[in-house]
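What follows is a single structure, written as C-alpha cells, with notes after it.
Side-chain atoms are counted along with the backbone in the values below, which use heavy atoms only and exclude waters and symmetry mates. So that the names make sense, note that chain A is the first sequence line, chain B the second, and so on, each numbered from 1. The shown structure was predicted, so the numbers you read here are calculated from the model rather than taken from an experiment.
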Amino acid sequence: MKPSIPKGTRDFLPQQVNRRNYIFDIIRRVFIKYGYQAIETPVMENLSTLTGKYGEEGDRLLFKVLNNGDFLNKADEAALRERDSTKLIPSISKRGLRYDLTVPFARFVVMYQNDLAFPFKRYQIQPVWRADRPQKGRYQEFYQCDVDVVGSESLSYEAELVQIYDEVFAQLGIKTVIRINNRKILAGIAEVAGIPEQLVDMTVAIDKLDKIGIEGVRKELTERGIGAPAIATIEKILAIQTLPELEQALAASPTGLLGVTEIAAVMNYLEGYQLTNTLHFDITLARGLSYYTGCIFEVNVDTTAHPDVKMGSIGGGGRYADLTSVFGMRDMPGVGVSFGAERIYDVLEELQLFPAQDAAALQVLFIAFDAASHRYAFRCLNQLRAAGINADLYPDPVKLKKQMKYADDRQVPYVIIIGDQEMNTGQLSFKTMANGEQEQLTMAEIIARF
RNA sequence: GUGAUUAUAGCUCAGUUGGUUAGAGCGCUGGAUUGUGAUUCCAGAGGUCGCCGGUUCAAAUCCGGUUAGUCACCCCA
C-alpha cells in the first residue's frame, strides 16, 4: 500500500521538531517567568462540552469521535431513516476532539475551582483539531500556545501580557507590532452611530479593514443593513488616532469612555517600561465576533523591519467578562493571549532566524575498523556520553566509506576513527568534518574540546 | 459549504497537433579507492504514467467519471 497521512496533518522531521521545540521552549520559559503554570487537558472532550460554543460554523468544524461498540444499534432510528446527519450525531458520538484550548480551560476551571488559587494563571501548549479545508499555513491539526489569567479584572494583567508578547518576540528576533484596542470602544462607536444592536455586524466589517480597505468596509456595512449616516459616523471615528480625540468623539457613550480609560490605564502601567516591539493603539482592531469584552490584542510582523514577510497575525487575544458561565460558574473574568506557533515557525524560517547550531544534534560519531576496535570504541563512547557530549557509534565495523557517509548524512561535526593503531597508542583519530583535518588525541584531550 | 488546479521512477519534475523501447536531476546500489564523507569519474537497479471506463489502427497525451493532494473563498490560528 501507498503510505499517507490524513489531509491537513503533518509529520515532522527531526530538524523540524528541534525548531518547533526552540519556539515552544522560549514561549514556555517566558510564561513561567511571569508566574504562569502549565496545565494539560485531554485530546478528547465530551461532545456536549464542545458543541454550541463556537457558533454554527464551529460545530460543523468539530471532529466527532464515533462511539465504540455496536453504535448503530443504539442510533437514533428516526434520524437514521431520514439520513439526517446533524440529528444522528448525538446518538452515535459522545466525544469530540478539542477545537481550541479556551473552552476546555473553562471546563477545567469550573471542575477544579476548589483546588485552584485565584487569580489562576495558566499556560497550555497542546494541539487542537479543526475539520476545516486545509490551505497554506492552515492545518486540521495544529498547536496553540495559550496563556490566560482568570479571577481578576486588574488591567495590570493586560500590561503583563503585552510584556510577554514583547519578550517572546524579542527573544525570537522578530520585530512585531502589538496592536491593542478595546471592545468597549467599539461598542461606544456603535452607540454613537446609533446602531448599538448591530455591534457584531459592525465589528465583523471593521475587522476586515486591512484586507478589503475602507471602500470594502463601507460596502460590507451597507450590505449588513447599516445606514449611510451611521457609516459616516463610524468612518469619522475610525480615522481618530489619539485617545483625547477619541474621548471627545465618544462623550455620549459611557461604555465607550470606559474603554478609552481602560486603554489609558494599560498604557500607564507600561510607562517607563522599555518595549522592544511597537505597541500601537489601533481603533480598527476588532478580532472577529468572539467573546471578548474588554481589551483586545493582535500581533503582526513589523513590515517596516521585515518588508518581505507576508503573514497574517501571529498572535492575538483579549479580555472576556465571563469565561465559565456556560458551565454554571458565574463572575469569572479573565484575560489571555495566544501565540500562533505554526506561523511563527514560517516567519523564522523565511527570515533565517533559527539558530544554526542545533542543541539537540549529534556532536561526535565513532567509527571502527573491526570487531576489536568496535568494542574499544563502545567504551570510549560511554566516556563521552558520561561527560555530557551527544555521541554515537556506528553499529557495525563495515567499510569506512559507508560509515563516513553516514557521518556526513547525520551532519555530525566530529568523527573519531578507531583501529589497531589507535587502540595501541591511545591516540585516537579525531576528524573535523567541515575541513577534513585529522588530529591524534587522547580521550581526555577530546573531552576537553567540548 | 463554493471555486480553481494538479496526479508520470524513492523525491522534484520534463514529456511537442495522439505515433518506435516514457526521460532528466537528485537519491539509491556497485566500482575507480581493502584507513576516510561532502567534491570527481564510470556502471547499474528502479515506472500498471492515481484509479475506472470511453474515443481511436494507436492514449502518459483527447473525453467522461472517480479518488487523493494542493491553492483560494467563507471562516479562522
Side-chain angles (χ1 to χ4, degrees), chain A residues 1-10 13 23 27 54-62 85-86 98-102 125-146 204-205 207-208 211-212 216 220 223 286-290 297-301 310-318 336-347 365-370 373 377 394 397-423 428-440:
Chain A
M1 71 177 275
K2 202 173 176 181
S4 66
I5 56 173
K7 165 172 70 175
T9 66
R10 295 158 294 165
L13 293 166
I23 297 172
I27 291 173
Y54 308 105
E56 200 179 320
E57 176 82 358
D59 283 353
R60 196 168 63 78
L61 299 180
L62 277 176
S85 305
T86 315
R98 63 165 171 254
Y99 180 86
D100 69 0
L101 300 178
T102 307
I125 300 176
Q126 289 193 277
V128 302
W129 290 266
R130 295 183 188 178
D132 204 357
R133 281 278 266 276
Q135 48 187 288
K136 197 172 184 64
R138 289 176 62 176
Y139 307 95
Q140 293 199 337
E141 178 185 61
F142 61 97
Y143 273 74
Q144 287 196 331
C145 311
D146 276 21
V204 169
D207 198 31
K208 297 179 181 169
K211 217 171 185 176
I212 60 180
E220 174 116 13
E223 277 166 11
R287 298 276 311 154
L289 21 65
S290 42
F297 305 98
E298 193 159 302
V299 183
N300 288 83
V301 175
K310 304 268 182 296
M311 183 60 72
S313 72
I314 53 176
V337 296
S338 184
F339 288 78
E342 319 282 354
R343 287 182 172 182
I344 292 171
Y345 183 102
D346 291 341
V347 172
L365 180 74
F366 282 93
I367 283 176
F369 280 104
D370 49 37
S373 49
Y394 196 85
V398 295
K399 284 199 307 194
L400 270 220
K401 184 185 170 78
K402 194 169 171 66
Q403 300 194 61
M404 287 300 295
K405 178 153 172 45
Y406 180 73
D408 195 56
D409 289 342
R410 290 288 306 264
Q411 295 182 39
V412 59
Y414 304 103
V415 166
I416 296 172
I417 302 164
I418 298 181
D420 283 339
Q421 241 175 42
E422 285 81 0
M423 280 194 290
L428 310 185
S429 298
F430 183 81
K431 176 166 179 146
T432 303
M433 293 295 276
N435 55 20
E437 277 170 25
Q438 212 159 301
E439 302 163 80
Q440 301 304 119

Span that lies between the P atom of B:rA22 and that of B:rG64, in whole angstrom: 28 Å

Spatial distance of atom OG (A:Ser338) from atom CD1 (A:Ile314) [nearest 0.5 Å]: 11.5 Å

Report all interatomic pairs (protein N or O, nucleotide N or O of nucleotides 65-67 of chain B) with separations under 3.5 Å.
none

Residue-phosphate contact under 4.0 Å: A:Gln135 side-chain N/O, B:rA72 OP1/OP2: yes

B:rU66 and B:rA72, which share atom name P, separated by this distance in whole Å: 25 Å

Distance between C1' atoms of B:rC52 and B:rU16 (Å, rounded): 28 Å

Among B:rA77, B:rG35, B:rC75, the one nearest A:Gln144 by side-chain distance: B:rA77

Side-chain (A:Arg343) to main-chain (A:Ser313) donor-acceptor, under 3.5 angstrom: yes

Distance, rounded to the nearest Å, where A:Phe339 contributes CZ and B:rC76 contributes P: 21 Å

Same-atom distance (P) from B:rC63 to B:rU55, integer angstrom: 16 Å

Under 3.5 Å donor-acceptor, A:Ser373 side chain and A:Phe369 backbone: yes

CG on A:Leu428 to CZ on A:Phe366, rounded to 0.5 Å: 7.0 Å

Distance between C1' atoms of B:rG46 and B:rC11 (Å, rounded): 13 Å

Check: A:Lys431 main-chain N/O paired with A:Glu437 side-chain donor or acceptor under 3.5 Å: no

Donor/acceptor link under 3.5 angstrom from A:Glu422 side chain onto base of B:rG35: yes

Distance-only donor-acceptor test (3.5 Å): side chain A:Arg133, base B:rU2: yes

Axial cation check for A:Tyr99 ring with A:Arg130, 6.0 Å and 45° limits: yes

Rounded distance in Å - NZ (A:Lys136) to P (B:rG69): 17 Å

Distance, rounded to the nearest Å, where A:Leu62 contributes CG and B:rC76 contributes P: 14 Å

Sugar-phosphate, base or nothing in reach of A:Tyr139, heavy atoms under 4.0 Å: base

C1'-based separation of B:rA4 from B:rC51 [nearest Å]: 22 Å

Point-to-point distance, once rounded to the nearest 0.5 Å, from CH2 of A:Trp129 to CG of A:Leu61: 15.5 Å

Nearest-neighbour nucleotide for the A:Arg130 side chain, B:rA77, B:rU36, B:rC75 considered: B:rA77

B:rG47 and B:rC41, which share atom name C1', separated by this distance in whole Å: 28 Å

Which residues share a side-chain contact (heavy atoms from CB on, under 4.5 Å) with A:Asp59, sequence neighbours left out: A:Thr51, A:Leu62

Integer-rounded Å distance: B:rC76 C1' and A:Tyr54 OH: 13 Å

Rounded distance in Å between the P positions of B:rC57 and B:rU48: 28 Å

Side chain of A:Lys7 (C-beta onward), nearest among B:rA77, B:rU70, B:rU36: B:rU70

Sugar-phosphate, base or nothing in reach of A:Gly315, heavy atoms under 4.0 Å: nothing

With sequence neighbours excluded, residues passing side-chain contact (heavy atoms from CB on, under 4.5 Å) with A:Arg138: A:Asp132, A:Gln135

Provide a list of protein-nucleic acid N or O atom pairs under 3.5 angstrom, restricted to nucleotides 28-31 of chain B.
residue	atom	partner	partner atom	Å
B:rC28	OP1	A:Lys405	NZ	3.2
B:rG31	OP2	A:Lys399	NZ	2.8

Pairing residues for A:Gln144 by the side chain to side chain donor-acceptor pair (under 3.5 Å) criterion, not counting sequence neighbours: none

Between P of B:rU36 and CD1 of A:Ile418, the distance in whole Å: 17 Å

Among B:rG69, B:rC76, B:rU36, the one nearest A:Gln438 by side-chain distance: B:rU36

From B:rU36, B:rC75, B:rG37, nucleotide with atom closest to A:Lys208 side chain: B:rC75

A:Asp420 vs A:Pro6, nearer the 5' end of RNA chain B by closest nucleotide: A:Asp420

Integer-rounded Å distance: B:rC76 P and A:Glu342 CD: 18 Å

Listed nucleotide nearest any side-chain atom of A:Pro134, set B:rU70, B:rA38, B:rC75: B:rU70

Test side-chain contact (heavy atoms from CB on, under 4.5 Å) applied to A:Gln140 - qualifying residues, sequence neighbours left out: A:Lys7, A:Phe63, A:Pro134

Nucleic acid contacts - residues 428-436 of chain A versus RNA chain B, non-hydrogen atoms under 4.0 Å: A:Ser429, A:Lys431, A:Met433, A:Gly436

Sequence-distant partners of A:Leu13, side-chain contact (heavy atoms from CB on, under 4.5 Å), two or more places apart: A:Gln16

Point-to-point distance, once rounded to the nearest 0.5 Å, from CE of A:Met404 to CG of A:Leu365: 9.0 Å

Partners passing side chain to side chain donor-acceptor pair (under 3.5 Å) against A:Gln438 (at least two apart in sequence or in another chain): none

Runs of at least three Watson-Crick or G-U pairs with RNA chain B, cut-off 3.5 Å: B:1-7 with B:67-73, B:10-13 with B:23-26, B:28-32 with B:40-44, B:50-54 with B:62-66

Sugar-phosphate, base or nothing in reach of A:Gln403, heavy atoms under 4.0 Å: nothing

Sequence-distant partners of A:Tyr54, side chain to side chain donor-acceptor pair (under 3.5 Å), two or more places apart: A:Asp100

OH-CD distance between A:Tyr143 and A:Gln126, expressed to the nearest 0.5 angstrom: 8.0 Å

Aro-ring/base stack A:Phe142-B:rA77, d under 5.5 Å, angle under 30°: yes

For atom CD of A:Glu57 and atom C1' of B:rU2, their distance in whole Å: 12 Å

Name every donor-acceptor pair, under 3.5 Å, that has one atom in a side chain of residues 407-423 of chain A and the other anywhere in the protein, sequence neighbours excluded.
residue	atom	partner	partner atom	Å
A:Arg410	NH1	A:Tyr406	OH	3.0
A:Glu422	OE1	A:Gly419	N	2.9
A:Glu422	OE2	A:Ser429	OG	2.6

Whole-Å gap separating P (B:rC76) and CD (A:Glu298): 11 Å

